[in-house]
Amino acid sequence: MAGQAARRGGGAMRPPPSSSMRAAALARSPAASFLLAAAATAAVVGGLYFWVVVSSFRLPDSGAAGCRADGEGSWSVGMFYGSSPFELRSIELVSGVRRLSLRQRISCAGLTPEVRLLVCNFGHFGGQEGRSNGNSSAWPVANPVLTCATPTEAGYPSNFVADPFLYVEGDTLFLFFETKTISSMQGDIGVARSFDKGATWEFLGIALDEAWHLSYPFVFKYENEIYMMPEGNKKKELRLYRATKFPLEWTLEKVLVNKPLIDASLVQFEGYWWLFASDFTRYGVEKNAELEIWYSNSPLGPWTEHKQNPIYKSDKSLGARNGGRLFVFEGSLYRPGQDCSGTYGRRVKLYRVEKLTKEEYKEVPVKIGIEEPKKGRNAWNGMRYHHMDAQQLASGEWIAVMDGDRVPSGDSTRRSLFGYLGLFLAVSLAVFVGFVKGAISCYIPPSFRAPLTRRTELSRIFPGHRFNQKVRRYSTNIGRYISAIKTRLNEKTWSNMMFFWVVALIGIVNVCIAVHFLCGGNGAEEAYTYQGQHSQFTMVTMTYEARLWNLKLFVEHYSRCESVREIVVVWNKGNPPSSDAFDSTVPVRIRVEEINSLNNRFRVDPLIKTRAVFELDDDIMMTCTDLEKGFRAWREHPERMVGFYPRMIDGNPLQYRNERYARGKGGYNLILTGAAFMDSEFAFKKYWSEEAREGRDYVHKNFNCEDLLMNFLYANASTSRTVEYIHPAWAIDTSKLSSVAISRNTQKHYDIRTKCLAKFSSIYGPLPQKWEFGMREDSWDK
């Protein structure tokens, strides 16, 4: 019976294949092999692009909970000073603003207002321009002075800070602002305090936190009480809070207007209190383009609508939406507004109010007086600045805070969309090539493509049946066309090979686009903070007439770096160009020398306004991010020379060798000043001191070795470490391409420098021992 059953069944039944067998069969299929090969190729291309391009300007992840990419932007806050609200200058350009140390800030916090005014206030803005105390490597302090890192490092993770309002109490500044809190992803009101005119800010905590989004914390004083009127449109009302324990404890005083008003500002003018705000319920062309005015005898209300409301309602570029506190100057009222054309908060516009009554309102635009940022995304306010609070101090000077952003609104969302679109296109092209080459098959059942021959009465009644017939007919035709195309593309012709090379190139481009937008951050080469502050440095380069073409490229590139304050060109020979001949975003100063000497590079220059100087040969091109890394490292140790070209000088007698030798030795003891940061006060005075005279004469005679002399002078002046190396992502040295470069003949150049080592060591003593690569925690020196 069993045999009969077996014969009837054609033999023993085979067990169904297991999941592991099916997976193994799938892995051996041509489609899987092709897709794995394509993925591996994409990974190699993407990794190479990330290493060569993206990593050269992308800031490393800080590991902090805050300061993450946000669709609303990366807003931060800057300080400005001036003799009037129309002559405001950034803090780094203002005289006499100096940074307090942590000990000084703690001491000032414990003093009475009267004593603090004497001890912690530093008078008017007199003194030397832009310089802070000489013991600080933040010299000068530069904008932005408050960033997302300020609350984040204090234990309140934030993605950005914006909408700043000042409250001045004697010599102490309190700053209220919106902070995008990570835990709730909504705006809360933070507060910070400064005792040194805004150079240093201490984050005090969250002043106001509600269940809904808060921003625009308009703070003012009325009848000896301090009030705050923040925006909270989600509650559909404009609320007023009163400080019960300033600045961190507040209670709801009353609801001023039962309407979702945003960016509301108060001002007392000509006998009335005026409320300027915008209705958030507007949409379409009226969104961010509407302005309303209300008036009252008291800031506590009741409020009456202006008869002309809405004042504006259709043009976003007119600055209808408020951009900060209104102020009075020389008897006239001024209103800052937001130009929202192109992107939200594009810039602040200023208007002078010419008529303000219960029945009429008229304003005219005036020049704001603040220089437009020119560095694009490499400037903290390069793409947007939408808020300003300007106030007059008791001294008569004016102070202002402004927010700024280096990216337009929705930038992170757009970058994600572009990145995923590039990834989708790259995958689609891979699948297309695999399908054409036969590695990937698309199976359409014959029963689906075959037309139905049997017609029934139902086929004439129901249109769905006729639709299915059309689909089958079209799919059959498409299948024939695809087969014909595959056959034609698989022919071995030059045109087909060119076609697939173009497709591969497009795929590579899309992989790079995906990596660039998904992994490249916001595309800005941002400055690094040190101890919560930014600063600036001066670039000094030496050149002459024969290298003018190179100098123009040099200036155009480096002037866009965020921390560059000025470029000083030491003109050694020939007819000097005009400063206007350069495409530069920073001042370019041509310093013409009387004699052609390499010693001129380190000449004492009282016009330099920064403590840090970056000496750079005009034939070296590096990324701005590398410069910012070097500057950050120098600020940690301003007593050192921090540079990008290490050398190991050893042997008996001493011999000059290249970087490859230092790598083989695992360390260095000398940094070439062709790309190095140094202290302008110490280094230049030391180089031109009497003890350096013999070395300078030797440099001038041989027209070489000025950088070696500076290293010996540094080593001779200290028993501690004097040099530090930072590894650049990439650097292009064009000196070997120039017929006038002194290092073009490498062997001759090295021979002269070996003689210099013998000379300088006999005068100034030996160089320090080896410093190993890879000693920094951030691995910048590997």
Side-chain angles (χ1 to χ4, degrees), residues 62 64-68 70 72 74-79 99-111 113 116 120 144-221 225-232 235 239-253 387 389 401 403 529 531-533:
S62 62
C67 298
R68 303 298 174 89
D70 194 293
E72 293 187 67
S74 57
W75 296 94
S76 53
V77 177
M79 296 291 303
R99 172 184 180 270
L100 288 181
S101 66
L102 177 61
R103 181 180 298 177
Q104 288 173 311
R105 295 199 298 272
I106 294 174
S107 301
C108 289
L111 298 177
R116 189 186 304 138
C120 304
V145 296
L146 193 80
T147 68
C148 58
T150 308
T152 298
E153 292 173 359
Y156 298 85
S158 170
N159 274 355
F160 62 79
V161 292
D163 292 350
F165 280 98
L166 280 170
Y167 184 83
V168 182
E169 189 177 80
D171 63 300
T172 305
L173 303 179
F174 292 92
L175 186 66
F176 293 83
F177 52 90
E178 173 194 352
T179 173
K180 181 73 173 287
T181 305
I182 297 298
S183 58
S184 61
M185 290 304 290
Q186 71 177 23
D188 296 326
I189 305 304
V191 59
R193 177 177 60 188
S194 175
F195 297 118
D196 52 11
K197 295 182 180 179
T200 306
W201 290 94
E202 174 193 6
F203 184 76
L204 300 178
I206 300 298
L208 192 60
D209 180 9
E210 296 283 17
W212 53 90
H213 171 84
L214 295 174
S215 61
Y216 207 84
F218 186 90
V219 180
F220 66 100
K221 192 171 187 177
E225 296 284 357
I226 303 175
Y227 295 93
M228 183 197 302
M229 185 178 63
E231 174 199 318
K235 197 65 177 174
R239 292 184 158 204
L240 184 69
Y241 296 81
R242 176 174 51 83
T244 57
K245 190 175 181 181
F246 185 83
L248 286 173
E249 296 182 13
W250 301 77
T251 186
L252 176 64
E253 182 71 9
H387 181 100
D389 181 14
V401 286
D403 62 10
T529 60
Q531 296 182 346
Q533 290 183 315

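What you see below is based on every heavy atom in this structure, not just the backbone, and it leaves out hydrogens, waters and symmetry mates. Values in this document were obtained by computation on a predicted structure and should not be read as measured data.
Applying the side-chain contact (heavy atoms from CB on, under 4.5 Å) test to Thr147 and every residue at least two apart in sequence or in another chain returns Ser76, Pro144, Ala149, Thr150, His534. Under the side-chain hydrogen bond (donor to acceptor under 3.5 Å, both in side chains) criterion, Thr529 pairs with no residue, sequence neighbours left out. For Glu153, the side-chain hydrogen bond (donor to acceptor under 3.5 Å, both in side chains) test picks out no residue, with sequence neighbours left out. Listed by chain and residue number, Pro151, Ser158, Val161, Phe177, Thr181, Asp188, Ile206 satisfy the side-chain contact (heavy atoms from CB on, under 4.5 Å) test with Thr179 (two or more places apart in sequence, or in another chain). Shown here are the side-chain contact (heavy atoms from CB on, under 4.5 Å) partners of Pro247, two or more places apart in sequence or in another chain: Phe174, Phe176, Val191, Leu204. Residues passing the salt bridge (Lys or Arg N to Asp or Glu O under 4.0 Å) test with Asp389 are Arg325, sequence neighbours excluded. In this view, Phe165 and Tyr216, Phe218, His387 satisfy the ring-ring contact (aromatic ring centres under 6.0 Å, His included) rule, not counting sequence neighbours. For Glu231, the side-chain hydrogen bond (donor to acceptor under 3.5 Å, both in side chains) test picks out Ser215, Asn233, with sequence neighbours left out.
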Step-by-step side-chain contact (heavy atoms from CB on, under 4.5 Å) determination, Asp403 to Asp163
CA-CA 6 Å; Asp403 62 10; Asp163 292 350; 3.8 Å; yes

Decide side-chain contact (heavy atoms from CB on, under 4.5 Å) for Met185 and Lys180; before the verdict, give the C-alpha distance in whole Å, the side-chain angles of both, and the deciding distance to 0.1 Å.
CA-CA 6 Å; Met185 290 304 290; Lys180 181 73 173 287; 4.0 Å; yes

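Within the 3.5 Å criterion, the main-chain N or O of Thr200 finds a donor-acceptor partner in the side chain of Ser194. Remark: side-chain polar atoms of Gln186 are paired, donor with acceptor, to backbone N or O of Glu210 under 3.5 angstrom. A donor-acceptor pair under 3.5 Å links the side-chain atoms of Gln533 to the main chain of Ala199, judged by distance alone. Remark: the backbone N or O of Arg68 is paired with a side-chain donor or acceptor of Asn159 at under 3.5 angstrom.
Going from atom CG of Asp196 over to atom CD of Glu202 covers 11.0 Å, rounded to the nearest 0.5 Å. Taking CZ of Arg193 as the reference point, atom CD of Glu169 lies at 10.0 Å (rounded to 0.5 Å). Between the CZ atom in Phe160 and the CG atom in Asp70 there is a gap of 5.5 Å [rounded to 0.5 Å]. Within the model, atoms OH of Tyr156 and CD1 of Ile182 stand 15.0 Å from one another, a figure rounded to the nearest 0.5 Å. For the atom pair CZ (Phe246) and CE (Met228), the distance works out to 8.0 Å, reported to the nearest 0.5 Å.
Residue pairs satisfying the disulfide bond (SG atoms under 2.5 Å apart) criterion with at least one member in residues 154-219, sequence neighbours excluded, are absent. Counting only residues at least two apart or in different chains, side chain to side chain donor-acceptor pair (under 3.5 Å) contacts with residues 242-253 comprise Arg242-Glu253. Note on residues 146-210: pairs passing disulfide bond (SG atoms under 2.5 Å apart), not counting sequence neighbours, are Cys67-Cys148.
Between Pro157 and Thr152, the shortest heavy-atom distance links the atoms CA-OG1, 3.7 Å. Here the shortest heavy-atom pairing between Leu214 and Gly232 reads CD2-CA, 4.2 Å.
None of Leu146, Leu175, Leu173 except one satisfies the side-chain contact (heavy atoms from CB on, under 4.5 Å) rule with Met79; the exception is Leu173.
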